[in-house]
Amino acid sequence: MGRVRAIWRLSFRQTVAHSKQVWHLLRDRGPSQIQFWFIAMAIGIVAGLAALFFRKGIEALQAALYGTDDVQYIHTFAESLPWFWVLILPIIGGLVVGLILHVFTPDGRVRSVADVIEGAALRDGRVETRAGIASACASLITLSSGGSSGREGPVVHLAGVIATRVSEALKADGITGRDLLGCAVAAAVSASFNAPIAGTIFALEVVLRHFAFHAFAPISIAAVAGTVINRLEYGNVTEFTLTLPGVLQFYIELPAFLLLGILSGLVAVALMKSIFLAEDTADVIQRRIKLPRWLRPAIAGGLLGIIAIYFPHIIGVGYETTSLALTGKLLLHEAIVFCVIKVIAVTITIAGRMGGGVFSPSLMIGALSGLVFGLVATAIFPDISGSHTLYALAGMGAVSAAVLGAPISTTLIVFELTGDWQTGLAVLTAVSLSTAVASRLVDRSFFLTQLERRGIHLAAGPQAYLPDTCSVRSIMRPLRDSPSKDDKVLRTLINEQSFVDENTTLAQALPLFDRAGVSYIPVVTDQRAEEIEIIGLVHHVDALKAYNQALAATAAEEHS
């Protein structure tokens, strides 16, 4: 009995101690946490309104240009328009887009999800504001005038602009800035697709690229706020309506979804590789013929107009064709041709720097490729197969998950877009294989591959990109503090190219220590100056210390 009493006393003391800790936490940090949640809700409302106005703006401008009231069926209506009008609209739209980007961006490039990911990792949750607003305007015009892309990319970056303004007003540090960015992105995605669960996970999985507990509550609050904005306008309805039930012959049919996952991964890679190849080709042609950058989108618009004359289903985000695929209202040859043409149209739009995102096109391409697979599979094995529309649904999730590199959030978005939660096993099976295949053929996702092509190495993780966040100037020891260093040795290191510019980062400094086999390297003034002057030294131990501190801070944030 004495031992039992001792155990009870110990448990009671531990409970009291823990209760005191909780009370101190609530008293000291609780008010600030609650205040941050209110800020998150406000950001969610503003980002949700931005997404809603972006969508309504596309619908209004598209209706005005094409003369239809129901833009959900834009491609059906476009079939009745004069061919020259279908041709000229993307050209005019591309010309306006080119002029906007030429004036308001330094490189004529549309900002999208990849830039938001870069901002979260390298810029304390900040993105470019002027270029971001210009990109949103350009993408709105593109999607309204015949461009073939999606609205999620510009909406996500527009949300990033909102978060950046709030972060600057609050003078937020890196952790807070990233949390605010996650809140805005979650709200924008939730409002754009009426998908609050997927919006929350998208912000964590794709943009922040970690699932920190401290960020989950405010991001969820913002996502709910954004969804409420959407539902006040559109109601609690799903984007797609499935007319045929998805029947899965459990266990027997699962190998088919494994094959669909592999096929979807290859389709996603083909889409991504096509875009990158077209971008490189267009860059070469533009340089050789000295084409003004503001004309590039107009030329792309002309190519899209020619295609749209014969295949108007490429116009806009393509939800009408996606819906036809999900409901099985397309024949086999139609699904194949539409899928190939859509890949070509998306490639032209993005490589032509017209703007827009890749998520909505990947949904359409995935639904079409899944339908093709389903029609073939159910024809070969009719006795053990379910509905071919189930393969369209699974393909839609599998291709888009592979493109975004976001299997969790994409799966949830597919569920929330369709309202069909009973086919989760089929979708998850296909998604798991597609992302596994695609991630080995590109740098994890379309967005991370975009960044990798710009020399920004985020795909490999914090250990690869954190050296770029630490400036040499911040860890440099002034030369006057090292009077014992031999000037002859320093000049020898400079002659051997073992030095760094004061404006560089540890990414350039760390390899030099291994190459030169020294414990310090000189830091010089701007190399563009007429005479290079040694202003300080970077010691190997200081560089490693700064790198380790950055790694520790990242790990602490991700596990907080």
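Just so you know, residue 1 is the first one in the sequence shown, and it goes up from there.
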Inset, instruction - Could you tell me whether the side chain of E205 reaches within less than 4.5 Å of the side chain of F211, counting heavy atoms only? - result: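 The answer is yes, as the side chains (C-beta and beyond) meet within the 4.5 Å cut-off.
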Legend entry - Side chain to side chain, L393 and T389, heavy atoms closer than 4.5 Å: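 Heavy-atom side-chain distance check fails, nothing below 4.5 Å.
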Legend entry - Sole candidate of E128, H157, E118 that passes side-chain hydrogen bond (donor to acceptor under 3.5 Å, both in side chains) when paired with R111: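 Result: among E128, H157, E118, E128 is the only option passing the side-chain hydrogen bond (donor to acceptor under 3.5 Å, both in side chains) with R111.
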Inset, instruction - For atom CZ of R109, decide whether the heavy atoms of other residues, nucleotides or ligands shown that lie under 6.0 angstrom number more than 12. - result: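 Yes, the 6.0 Å shell around CZ holds more than 12 heavy atoms from other groups.
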Inset, instruction - Report yes if the side chains of Q450 and V113 come closer than 4.5 Å at any heavy-atom pair, otherwise no. - result: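 When only atoms from C-beta onward are counted, V113 and Q450 do not touch, as no gap falls below 4.5 Å.
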Legend entry - Distance-only side-chain donor-acceptor flag, E320 / H313, under 3.5 Å: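 No, because no side-chain N or O of E320 sits under 3.5 Å from a partner of the opposite role on H313.
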Legend entry - Stepwise side chain to side chain donor-acceptor pair (under 3.5 Å) check, E152 with S192: CA-CA 7 Å; E152 80 293 330; S192 186; over 6 Å; no
Inset, instruction - Give the ring-plane orientation class for F276 versus F446, where under 30° counts as parallel, over 60° as perpendicular and anything between as tilted. - result: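 Geometry flag for F446 against F276: parallel rings.
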Legend entry - Enclosure of L122 CG (heavy-atom neighbours >12, cutoff 6.0 Å):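 Yes.
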Inset, instruction - Could you verify whether a donor N or O on one side chain and an acceptor N or O on the other, from Q286 and R296, lie under 3.5 Å apart? - result: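 There is such a pair between these side chains.
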Inset, instruction - For residues F257 and L260, determine if any side-chain heavy atom of one lies less than 4.5 Å from a side-chain heavy atom of the other. - result: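 Result yes, sub-4.5 Å side-chain heavy-atom pair found.
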Inset, instruction - State, yes or no, whether a side-chain contact exists between T378 and Y391 at a heavy-atom distance under 4.5 Å. - result: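 Result yes, sub-4.5 Å side-chain heavy-atom pair found.
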Inset, instruction - Evaluate the side-chain proximity of S409 to V206: yes if any heavy-atom separation is below 4.5 Å, no if none is. - result: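 Contact flag for V206/S409 side chains = yes.
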Legend entry - Aromatic plane relationship, F193 with F359 - under 30° parallel, 30 to 60° tilted, over 60° perpendicular: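 F359 vs F193 ring planes: perpendicular.
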Legend entry - R293 CZ: over 12 foreign heavy atoms closer than 6.0 Å: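 Enclosed: over 12 neighbouring heavy atoms sit under 6.0 Å from CZ of R293.
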Inset, instruction - Check whether any side-chain heavy atom of R209 sits under 4.5 Å from a side-chain heavy atom of L448, and report yes or no. - result: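 Yes, side chains in contact.
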Inset, instruction - Would you give the length of the straight line joining atom CD1 of I43 to atom CZ of R165, rounded to the nearest 0.5 angstrom? - result: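 With rounding to 0.5 Å, CD1 (I43) is 13.5 Å from CZ (R165).
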Inset, instruction - Under the side-chain contact (heavy atoms from CB on, under 4.5 Å) rule, what do I307 and I348 come out as? Steps first, then yes or no, please. - result: CA-CA 11 Å; I307 297 174; I348 292 173; 3.8 Å; yes
Legend entry - V317 side chain reached by M364 side chain, heavy atoms, under 4.5 Å: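 Answer no - side chains too far apart.
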